[in-house]
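Chain naming here is simple, since letters A, B, ... match the order of the sequence lines and numbering starts at 1 in each.
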Amino acid sequence: MSQPEITAAPNFIRNMIVQQREAGQQQKVVTRFPPEPNGFLHVGHAKSICLNFGIAQEFGGDCHLRFDDTNPEKENQTYIDAIQEDVQWLGFQWAGKVRYASDYFEQLYQWAVHLIREGKAYVCELNAEQMREYRGTLTEPGKNSPFRERSVEENLAEFEAMRAGTYPDGAKVLRAKIDMSAPNINLRDPILYRIRHAHHHQTGNQWCIYPSYDFTHGQSDAIEGITHSICTLEFEDHRPLYEWFLNNLPVPCKPVQTEFARLNLNYTVTSKRKLKLLVDEGIVEGWDDPRMPTISGMRRRGYTPKSLRDFCDMIGVTRSGGVVDINMLYFALRNDLEHSARRAMVVLNPIKVVITNWEAGRVENLTSPSHPAREDLGERTLPFTRELYIDRDDFMEEPPKKYFRLAPGQEVRLRNAWVIRCDEVIKDASGEIIELRCSHDPDTLGKNPEGRKVKGVIHWVSAEHGIPAEVRLYDNLFQVEAPDADKDVDFLQHLNPESLSVVQAVCEPSLASAEPEDKFQFERVGYFCADRREHQPGSKLVFNRTVGLKDSWAKIQQKQD
RNA sequence: UGGGGUAUCGCCAAGUGGUAAGGCACCUGGUUUUGGUCCAGGCAUUCGGGAGUUCGAAUCUUCCUACCCCAGCCA
């Protein structure tokens, strides 16, 4: 059986590259994925990763991993390590070594000096508040800084003094001299360098001035020979500035910036600030909490790299900003897991069943394929005994119409085993059902009973052989489609109080040897993944619910209500 | 009210002057020892709105409307 392939549709960026190649303009393709190491990567980054690495792959080019590390106060090595792990886990490998914008600090400094010499940059001593006033507003032009016309010599000396550590944080900045009345605010003499007496994770205490994003990104692209600098829409306004630097500096080449719409997913927040808040406030257990839309969270939840890649292929790449339905993600997930996950029977909410016409002590070792369509996955043994557990959901004392499961006097198929009939319901003093007494039809193993149709099939586990496991049932972290849509309502108000519930389940014995990150379909229930951090084979079993199976019975029930 | 963008089915998205692909979701049937998977079928006389050009427009022109981004010494 082959797995259905989801292939990337052509998009405007790929089309552009194809056209460039046909026109003989751009033979080589070099892209880059440029995260700032100030947080963990999330599903939105996955889209960018798949795009940048995917294009390089498709056109036989390279994709670099470059940390955009120009703000030492917010960045650290933990993020750098996590980001690399995430990219590789997703299935991509960058060309050459990991790169850092900070590798280019000296070159950037020299280029800043070049601009000063050309009379295109100056040291400004306006403080932050004054700077804001001078900048003007969206509708009013700004006005020139009183420091704008300093001499080249003075600017050179001042900039050198900035680098030398002569001034405290915030005292002065280096600005480009462009146009304070430009309708595009980014062109109103943007800041090139600011003073930050901070330790940098890569360059240590070598620098106390740090270049801004705008002064760093395009030039870094040029240094690396990037041909296509792909970024999200909010940087579109920066493109004139990106090009201004490339046009005014002796750079080795001129990369071209192209923007696409970032991913929005309903029931999800994808803002680093908000994700960090969830972590810092202890609302989730960390960046890799299985409820987080971070790549590491999704990994721990049980997503496969392929499911994420498929999802990115499905949603496409455009310039129109929409909101993708999370069901698309779930589809890509289930689609991959359906094919790759081994099957197992696990009872989440056990109720005891006694097979009255089965001798105590008798054990029948039944077997079942680990996957209905993949012999290569082997089979497992399912011991059948007099006492079993089934799920409480699979029994109803007063079943509604179309309920195919177990009910008094009604028959049901035990998956991979016999058909049983419920003869008696045992309750405790409070009226709660504690046991079902059933009889099995010994002539129904591997074949249908004669003369009657048994439609329902339920899963079960031997009470004697079943093994306990902690099962974590995850659901959406937010209960509304757009948690951060309303600026006046804190997005935390929309947290789903039932995003996690923990149950003690009983598993079929084969699960005892599951390794961390092994993925299973608990038949009729959903897909589960042995927890990467806490699951211990043979001793402490911990499974995370990745996503439930589609449940058409639930739909029927809803309609009946 | 300045600048930059975007508008095609509930959602994503092809389409670039020749008469609306596909996927998700949803709905019908069929198969099935998972109410899963799979299979078959259905699901935009219409492309944000108006006017115009044309034999012919989602695609061209024009006017309008809605929404998104920008006033960090963040990226």
Please state how far atom [atom1] in [X] lies from atom [atom2] in [N], giving the value in whole angstrom units.
X        : N     : atom1 : atom2 : answer
A/Phe404 : B/G36 : CZ    : P     : 11 Å
A/Asp391 : B/U34 : CG    : P     : 17 Å
A/Leu337 : B/C38 : CG    : P     : 13 Å
A/Asp394 : B/U34 : CG    : P     : 13 Å
A/Asp484 : B/C68 : CG    : P     : 12 Å
A/Arg415 : B/G35 : CZ    : C1'   : 13 Å
A/Trp418 : B/U33 : CH2   : P     : 18 Å
A/Arg342 : B/U37 : CZ    : C1'   : 19 Å

Smallest heavy-atom separation, A/His339 atom then A/Arg374 atom, equals O-NH1, 3.1 Å
Which heavy atom of A/Arg415 sits nearest a heavy atom of A/Trp460, and at what distance? O-NE1, 2.6 Å
Quantified in whole Å, what is the [atom1] atom distance between nucleotide [N] and nucleotide [M]?
N     : M     : atom1 : answer
B/A25 : B/G36 : P     : 13 Å
B/G49 : B/A57 : P     : 15 Å
B/A44 : B/G15 : C1'   : 14 Å
B/G56 : B/G18 : C1'   : 7 Å
B/U37 : B/U31 : C1'   : 11 Å
B/U53 : B/G17 : C1'   : 12 Å
B/A51 : B/C12 : C1'   : 32 Å
B/U16 : B/A21 : P     : 13 Å

Aromatic ring proximity [X]/[Y], centre distance under 6.0 Å:
X        : Y        : result
A/Phe311 : A/Tyr303 : no
A/His238 : A/Tyr242 : no
A/Tyr210 : A/His200 : yes
A/Tyr122 : A/Phe147 : no
A/Phe478 : A/Tyr267 : no

With a 3.5 angstrom cut-off on both distances, give the Watson-Crick or G-U wobble partner of [N], or none if there isn't one.
N     : result
B/C38 : B/G30
B/C60 : B/G52
B/G2  : B/C70

For [X], which contact category applies under a 4.0 Å heavy-atom criterion: base, sugar-phosphate, or nothing?
X        : answer
A/Arg405 : base
A/Pro372 : base
A/Leu445 : base
A/Gly446 : base
A/Asn327 : sugar-phosphate
A/Lys559 : sugar-phosphate
A/Gln521 : base
A/Ala417 : base

Can you give one letter per nucleotide of nucleotides 69-75 of chain B, 5' to 3': B if a protein heavy atom sits under 4.0 Å from the base, S if only from the sugar-phosphate, - if neither? BBBSBSB
Each nucleotide of nucleotides 9-17 of chain B classed B (base within 4.0 Å of a protein heavy atom), S (only sugar-phosphate) or -, in 5' to 3' order, makes --BSSSS--
With syn defined as a glycosidic torsion within 90 degrees of 0 and anti otherwise, which applies to B/G72? syn
Checking side-chain contact (heavy atoms from CB on, under 4.5 Å) against A/Ile390, which of A/Val412, A/Ile458, A/Asn349 comes through? A/Ile458
Qualifying residue for side-chain contact (heavy atoms from CB on, under 4.5 Å) with A/Leu41, from A/Tyr79, A/Trp287, A/Phe33: A/Phe33
Do you know which of A/Asp391, A/Asp394, A/Asp393 makes salt bridge (charged side-chain N to carboxylate O under 4.0 Å, His left out) with A/Arg405? A/Asp394
Could you tell me whether the side chain of A/Arg524 has a donor or acceptor atom within less than 3.5 Å of a complementary atom in the base of B/G35? no
Base B/G36 paired with A/Glu338 side chain (donor-acceptor, <3.5 Å): yes
Side-chain N or O of A/Lys401 versus OP1/OP2 of B/G35: is the shortest distance under 4.0 Å? no
Is there a donor-acceptor contact under 3.5 Å linking the side chains of [X] and [Y]?
X        : Y        : answer
A/Asp189 : A/Tyr134 : no
A/Glu75  : A/His201 : yes
A/Glu259 : A/Gln257 : yes

Is there aromatic stacking of A/Phe331 on B/G23 here, judged by a ring-centre distance under 5.5 Å and a plane angle under 30°? no
Closest-nucleotide ordering on RNA chain B, the 5'-leading residue of A/Arg334 and A/Tyr403: A/Arg334
Comparing A/Leu329 with A/Glu523, nearest RNA chain B nucleotide closer to 5' gives the residue A/Leu329
Of the nucleotides B/G4, B/C24, B/U37, which one has an atom closest to the side chain of A/Lys550? B/U37
